[in-house]
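Below: the structure, in structure tokens.
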There are 2 protein chains.
Amino acid sequence: MAVVTDRDRNGGFVRPLSIAESVHERIYERIMSLEIPPGARIPIDGLARELNVSQTPVREALTRLEREGLVQKAHLIGYSASPQLTRKEFDDLYKFRLLLEPESARQACLNLTPETLARIEGAASDMEKGEPPVDRNSRYSRFARADAHFHDEIMKVADNATVRQAMNDQHIHLHIFRLMFHSRVTQEALEEHEHLLAAFRAGDADAAYEAMHDHISRSRDRLVAAFE
Amino acid sequence: MAVVTDRDRNGGFVRPLSIAESVHERIYERIMSLEIPPGARIPIDGLARELNVSQTPVREALTRLEREGLVQKAHLIGYSASPQLTRKEFDDLYKFRLLLEPESARQACLNLTPETLARIEGAASDMEKGEPPVDRNSRYSRFARADAHFHDEIMKVADNATVRQAMNDQHIHLHIFRLMFHSRVTQEALEEHEHLLAAFRAGDADAAYEAMHDHISRSRDRLVAAFE
DNA sequence: TAAAATCAAATCCTATATGATATTGCATTT
DNA sequence: AAATGCAATATCATATAGGATTTGATTTTA
């Protein structure tokens, strides 16, 4: 098995990347892309053979994914991809977002510098343009990731590592995409982001809070159609 | 290696418990009890020999603990217990709690039934009595666990699985105990819990919000002494 | 025919072996 | 005496093997 290597950001050094880590990424991608659909079994030895690695790193990757909530484990039975969000879980998730994200937007606004504002604006504009997608699914998938990136940039500026990690641990974009992979990119979401940016540019923290609250509420209302 | 078994709650069936799981628990206990102090190396083969198991389940347990934030991993170097909370992390954690817990207390109050109130009251009274502790450390350790249980009972009633899990993922009682293991059980905390219970009994959701907010703020102020 | 029992294949969980990498201590050099 | 280089040891990461359990189908029995 050839050792996968990666260029280190700091120096130009090349250092080996663990097989377990790359297996983790590959399984994550398969779940995100619905190649492994919700509820599907994920046999360890099958994956190991398919990826040309041994079972040990596959086990390690699945253990991590379980703790991340993306797969489930039944002792002596095996792993399977986590099922779709239920309506209740969806509602809980959005209540959770509404508790954390508007306040984080307010805090981000207070911490804002020209550099960090530019980063957020860059993340926002990344969502509009982009390579021509091969199909609608991949387009929405990319939209979901870019949206997650935009929100995370705001979280970075809000500068609360606990809150940021709790948000990222939810893998919101993955669950949303699995729920609505057939969805289309809405112009509305982009406009709501624009409102948020306007509040940031004006340095109006309360307006940022409101804009984020509004954005998440509307996002919830758009997605709730998946359950009807 | 003898297989560890456990009695199933439902039927009287006996089913094997995985070694990986029991290793996970044992390492958790060692970290909680400071037997493995913050920052200490945790060699895989050493632990495996000591616990009379192979390296595979130890690896799996450590992978889970890493994802839980209790240990850190450096590729090709090894695992170590996570360091103490920094002041910044402590502050972030309490801001996080203040965003989620008061609102959860409000919601719990709205959902309250006689049965669930009784459960919460039971958790509260568990904190006051208890076996005579062998030393002050173990007493505070038990206090920390009981406090976590009390807060979690409220989370259960609030009935938002996302919020509840995000809270539990923080392992607050473990970090607090490691920070303040020499601390003593304060009468104040018990009184604050009593205020919260009073609001619950009165069915006053706003008062429950305020009581929880007050309790967490005061808790933070009591603990912040650890950094001075 | 339906239910129970049996058996084989698949899969899991754990143990062990092996090569690769990092760390440590000692010797050597400057 | 400090610094450097090298070898030995410790530890990690992965591969592979074997015992244990579940699953599913086939056979048997009521």
Side-chain angles (χ1 to χ4, degrees), chain A residues 1-8 10-27 30 36 39-67 70-82, chain B residues 1-8 10-27 30 36 39-67 70-82:
Chain A
M1 172 84 212
V3 177
V4 181
T5 60
D6 189 22
R7 205 152 264 284
D8 197 45
N10 307 340
F13 294 111
V14 173
R15 71 173 187 188
L17 210 100
S18 81
I19 293 182
E21 200 161 335
S22 72
V23 170
H24 176 272
E25 284 178 21
R26 295 182 70 172
I27 300 177
R30 289 190 183 197
I36 299 177
R41 290 283 308 268
I42 306 178
I44 293 178
D45 58 349
L47 250 175
R49 266 195 300 276
E50 192 178 342
L51 301 180
N52 282 314
V53 299
S54 76
Q55 298 185 13
T56 312
V58 174
R59 269 198 115 59
E60 201 166 319
L62 286 171
T63 302
R64 273 186 58 190
L65 287 164
E66 186 206 3
R67 215 35 216 96
L70 277 93
V71 307
Q72 293 184 341
K73 173 182 176 174
H75 183 47
L76 294 180
I77 293 182
Y79 290 91
S80 57
S82 291
Chain B
M1 171 81 212
V3 177
V4 181
T5 60
D6 191 21
R7 203 152 265 284
D8 196 45
N10 309 338
F13 295 111
V14 173
R15 71 173 188 187
L17 213 103
S18 81
I19 294 182
E21 200 161 336
S22 72
V23 170
H24 175 272
E25 285 178 22
R26 295 180 69 172
I27 301 177
R30 291 191 182 195
I36 299 178
R41 290 283 309 265
I42 306 179
I44 292 178
D45 57 349
L47 250 174
R49 265 195 301 276
E50 192 177 343
L51 301 180
N52 282 312
V53 298
S54 76
Q55 299 185 11
T56 312
V58 174
R59 264 198 121 58
E60 201 166 320
L62 285 171
T63 304
R64 274 186 60 191
L65 287 164
E66 185 206 3
R67 207 46 207 91
L70 271 64
V71 307
Q72 293 184 341
K73 174 182 176 176
H75 184 48
L76 294 179
I77 292 181
Y79 290 91
S80 57
S82 292

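In what follows, chains are A, B, ... by sequence order, proteins preceding strands, each numbered from 1. Everything numeric in this text was worked out from a predicted model, so none of it was measured.
Closest approach of A:A61 to A:I27, counting heavy atoms only: CB-CD1, 4.3 Å. Of all heavy-atom pairs spanning B:R64 and B:H24, the tightest one is NH2-CE1, 3.5 Å. Summarising the geometry of A:S80 relative to A:G39, their closest heavy-atom pair is CB-O, 3.8 Å, with the distance given to 0.1 Å.
Regarding B:R59, its CZ atom lies at a distance of 14 Å from the P atom of C:dA15, rounded to whole Å. When rounded to the nearest whole Å, the span between NZ of B:K73 and P of C:dA22 equals 14 Å. At whole-Å resolution of the value, OH in A:Y79 and C1' in C:dC12 are 10 Å apart. Computed from coordinates, the B:E21 CD to C:dT14 P distance equals 10 Å when rounded to whole Å. Going from atom CZ of B:R64 over to atom C1' of C:dC13 covers 15 Å, rounded to whole Å. As a whole-Å value, the separation of A:L76 CG from D:dT23 P is 10 Å. Atom pair A:I42:CD1 and C:dC13:P shows a separation of 13 Å (rounding to whole Å applied). As rounded to whole Å, 15 Å separates atom C1' of C:dA10 from atom CG of A:L47.
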Contacts under 3.5 Å, N or O only, protein and nucleotides 6-9 of chain C:
none

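Tested against A:Y79, the residues A:L62, A:L47, A:V58 include a single side-chain contact (heavy atoms from CB on, under 4.5 Å) partner, A:L62.
Residue A:S54 places at least one side-chain N or O under 4.0 Å from the OP1 or OP2 atom of D:dA15.
Listed by chain and number, the residues in a side-chain hydrogen bond (donor to acceptor under 3.5 Å, both in side chains) with A:Q55 amount to none (sequence neighbours excluded).
Of the candidates C:dC12, D:dA15, C:dA15, the closest approach to any side-chain atom of B:V53 belongs to C:dA15. In the set C:dC13, C:dC12, D:dC12, the nucleotide with an atom closest to the side chain of A:H75 is C:dC13. Comparing D:dT16, C:dC13, C:dC12 against the side chain of A:T56 picks out D:dT16 as the nearest. Closest to the side chain of A:D45, from the set C:dC12, D:dT14, C:dT14, is C:dC12. You'll find that the side chain of A:P57 is closest to D:dA15, out of C:dA22, C:dT14, D:dA15.
With DNA chain D read from its 5' end, the first of the two nearest nucleotides for A:I77 and A:E60 is the one closest to A:E60.
Ionic pairing of B:K73 and A:E60 is present here: one or more N-O contacts between side-chain nitrogen and carboxylate oxygen are shorter than 4.0 angstrom.
Applying the salt bridge (charged side-chain N to carboxylate O under 4.0 Å, His left out) test to pairs two or more places apart or on separate chains, those with a residue in residues 41-55 of chain B are B:R30-B:E50.
Using a 4.0 Å heavy-atom criterion, one finds that A:Q55 contacts the bases of the nucleic acid, with or without backbone contacts as well.
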